[in-house]
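These notes are about the structure you will find just below.
From a predicted model like this one, the values you see are computed outputs, not experimental measurements.
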Amino acid sequence: MLRITTKTAKKGSTLMVEGKLQGEGVRVLRDECRPYVESAARLAVDLSGVTFVDRDGIRLLRQLADSRVHLIHCSALIAELCKR
């Protein structure tokens with residue numbers, strides 16, 4: 001199960017992600033991020049509450065990082081897996 005909460009501030013928005021980033025949750029996060037990426041709005045994805053990421057989740061996080069989305073508060077393991 002994945003929970004996404006949006007926080008908006010003057011400098012941009014932050015999506016707080018909690019739970020397991022796998023399966024349907026990957027699609028949900030992609031859909032949540034799409035409007036920000038398409039409009040080039042400032043977006044950070046806070047991964048401090050993520051407990052598991054599958055292969056598709058890692059692929060999405062890499063794509064988001066390549067699209068200038070800031071991945072913040074991720075574990076050392078997730079950060080390492082997101083490196084190319």
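For Asp54, the salt bridge (charged side-chain N to carboxylate O under 4.0 Å, His left out) criterion is met by no residue, not counting sequence neighbours.
The backbone N or O of Leu81 lies less than 3.5 Å from a partner atom in the side chain of Arg62, making a donor-acceptor pair.
Linking ILVMFWY side-chain heavy atoms closer than 4.5 Å, directly or via other members, places Val28 and Val26 in a single hydrophobic cluster. Connection of Leu60 to Met16 is not established within any shared hydrophobic cluster, with ILVMFWY side chains joined at heavy-atom distances below 4.5 Å, either directly or through further cluster members. Residues Ile72 and Leu77 do not share a hydrophobic cluster, defined by chaining ILVMFWY side chains whose heavy atoms lie under 4.5 Å apart.
The side-chain hydrogen bond (donor to acceptor under 3.5 Å, both in side chains) analysis of residues 16-30, with sequence neighbours excluded, yields the pairs Glu24-Arg27, Arg27-Asp31. Sorted by first and then second residue, the side-chain hydrogen bond (donor to acceptor under 3.5 Å, both in side chains) pairs with a member in residues 35-46 read Arg42-His70, Asp46-Ser48, Asp46-His73; sequence neighbours excluded.
Expressed to the nearest 0.5 Å, how far CG of Leu21 lies from SG of Cys74 amounts to 11.5 Å.
Residues Arg59 and Asp56 are in side-chain contact: their nearest non-hydrogen atoms beyond the backbone lie under 4.5 Å apart. No side-chain heavy atom of Ile78 sits less than 4.5 Å from a side-chain heavy atom of Leu71. In this structure, the side chains of Leu15 and Cys33 come closer than 4.5 Å at one or more pairs of heavy atoms.
Residue Leu2 comes nearest to Gly25 through the heavy atom pair CD2-O, 3.3 Å, listed as atom of the first residue, atom of the second, then distance.
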